[in-house]
Amino acid sequence: MFNIFRWTSKSLTRTMATAAQTVSKPYPFSKTAIILPEPYVSPPLPLVQGKGLMPYLQKNLTTPEKQTMLRELFGRHSAKRIYPGSIVGVTLEHAPFAFTGVVLAIRRRGIDTSMVLRNVIQRTGVEMQLFVNSPHVKTIKVVQKPPKGRMKRAKLFYLRHSPEKMSALAGSKKGTIA
Amino acid sequence: MLRLWTLKQKPHRNLILKCLHSSSNVAASTSFVSSNAPSPPTKWTPDSIRTGLIARKRGMTALWNDQGARLPVTVLQLENCQVTANIVTTRQDKSEYHAVQVAASDKPLKRTTRQMQGHFRKAKVNPKRIVKEFSITSDAHVPIGTTFSAIHFVPGQYVDVIAKSIGKGFQGGMKRWNFKGLRASHGVSVSHRSAGATGAHQDPGRIWPGKKMAARMGGQRITTQNLAVVRVDTSLNLIYLRGAVPGVDDAQVMIRDAKKLAAVGRHNQAKGLYEKVLPKGVDDLPFPAGTLEMAKTLPSIIEAPAYRVSPFVPRE
């Protein structure tokens, strides 16, 4: 359980976390506190002075896997980015463990980036707002891209009131909803 | 009316006698600034009150804890927070007032007044932008010139944060005092957001002092209590608090141990409930303060786990 949710906080010049870290120093003030790996290098002086601190934290307060996911799937200029209107399948740690749905909205806020997926399961509309950085989100996969490459809106909340447009979006993939 | 908390303000009689005998006699209601008296390493007790720190509010972000729950956090950064004075004063009723004067955020020498230059020169620190005092118990004095570190706070403990709130300018009753305003229609003319009546009639024939009215809002000292320390990062001198903190980004804030929870801890200690003196997971607090030297011997990045059952596990 602990290994799954353990964060590896990064320093600037850091690559993948290598195994066989040196033994961490003891922390006498709390036995149950989580001691995260030490940064490889001491941070540069501008960061210690607060210059550019928040953008640095936005990038580095996550695992490298999540950073890649954020950059590739939710970066504004990435080739593999997710467009609203695409059908995306996610695997989760908690119920419902796998959820597929139409992307209604993408909210880009650095590490707080989230997206809203909508699906109709057993005649009930179900929406999930998934935070990309959450440790419960295991994988995100684009099942189908939107028709004609992209929709004419950034937020597709109108689909909540028009099931015919929803099913038109789903198209041929309607039968393969997880 | 007997107010127990006023009695508690005064230190124990033995302590007063100790202070009077140990150092030079202090005349009533005069303050002196004690020098670097080397004290033996002391340990935190439930009756001790530690000093606080001054930090800069850098912004807010989100962290996910070990159970996978999202926590909104405020990031506070210490900017060369140092002790400039130790204050011991005797009040008129012979009780002692102990305080640590803390200063933060270096400032260019030429922009510091001569008076403050002298004050900082005496403390042998760089000139600072903000100088504030934290009242403490007599055992929690910190040597002058000590640089504080984020290690002073333990992840899992609770803190109070004091800062100047965001200024809202001149605001009307609806925003300032949550007045309901008037109807949107049905004949209301040109006064939909006004306060309405301000008093009675000929008796009293005036407006009571303190009537809630439109005026400048915000820009005042506000204390937000009982914010949990989520993470501590000594490499960047960051303290992550769960929740929001008053003020704008890059504002100076004062952080100190939560007063009310510390009082609850003191009562539990007196009752014999030793497990409930400190918050769950916190075994001890750096005493008298968490310094830069202490931070070098301890891990850099420490996080508090969620001290509760996972909310993602379904319950019956």
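What you see is a predicted model, and the numbers here were worked out from it, not measured in a lab.
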Salt-bridge contact B/Asp250-B/Arg58 (side-chain N to carboxylate O under 4.0 Å): yes
Given a strict heavy-atom distance threshold of 4.5 Å, which part of [X] is in contact with chain A: side chain, backbone, both, or neither?
X: B/Arg56; value: neither
X: B/Pro72; value: neither
X: B/Leu238; value: side chain
X: B/Leu298; value: both

Residue set satisfying side-chain hydrogen bond (donor to acceptor under 3.5 Å, both in side chains) with A/Lys80, at least two apart, ordered chain then number -> A/Glu72
Going by side-chain hydrogen bond (donor to acceptor under 3.5 Å, both in side chains), name the residues that satisfy it together with B/Gln252, two or more places apart in sequence or in a different chain.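 With sequence neighbours excluded, B/Gln252 shows a side-chain hydrogen bond (donor to acceptor under 3.5 Å, both in side chains) to B/Ser105, given in chain and number order.
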Decide yes or no on side chain to side chain donor-acceptor pair (under 3.5 Å) for B/Gln117 and B/Thr112, but give the supporting numbers first. CA-CA 6 Å; B/Gln117 279 182 24; B/Thr112 324; 5.1 Å; no
Tell me, for [X] versus chain B, whether the close heavy atoms (under 4.5 Å) come from the side chain, the backbone, both or neither.
X: A/Gln58; value: side chain
X: A/Ile111; value: both
X: A/Thr32; value: both

Please rank B/Pro286, B/Pro314, B/Ala69 by heavy-atom pairs under 4.5 Å with chain A and give me the top one.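 Counting heavy-atom pairs under 4.5 Å, the top option is B/Pro286.
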Let's test your reading of the structure: which of B/Ala62, B/Ala304, B/Gly59, B/Pro299 forms the most heavy-atom pairs below 4.5 Å with chain A? B/Pro299
Does one side chain, of A/Thr91 or A/Thr139, offer a donor that lies under 3.5 Å from an acceptor on the other? yes
Regarding B/Thr45 and B/Asp47, is there a side-chain donor-to-acceptor distance under 3.5 Å anywhere?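 On atom types as modelled, these side chains do not qualify, holding no pair under 3.5 Å.
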Proximal to chain A - members of residues 147-157 of chain B, heavy-atom separation under 4.5 Å: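 At a heavy-atom separation under 4.5 Å, chain A is reached by B/Ile151, B/Phe153, B/Val154, B/Pro155.
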With a distance cut-off below 6.0 Å to the six-membered ring centre and an angular limit of 45° from the axis, does A/Arg150 pair with A/Tyr83 as a cation-pi contact?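 Because its charged atom misses either the 6.0 Å distance or the 45° angle limit, A/Arg150 does not stack over A/Tyr83.
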Applying salt bridge (Lys or Arg N to Asp or Glu O under 4.0 Å) to A/Arg118 and not counting sequence neighbours gives A/Glu127
Enclosure of A/Glu164 CD (heavy-atom neighbours >12, cutoff 6.0 Å):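 Above 12, so yes.
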Please determine whether the number of non-hydrogen atoms from other residues, nucleotides or ligands lying under 6.0 Å from atom NZ of B/Lys132 exceeds 12. no
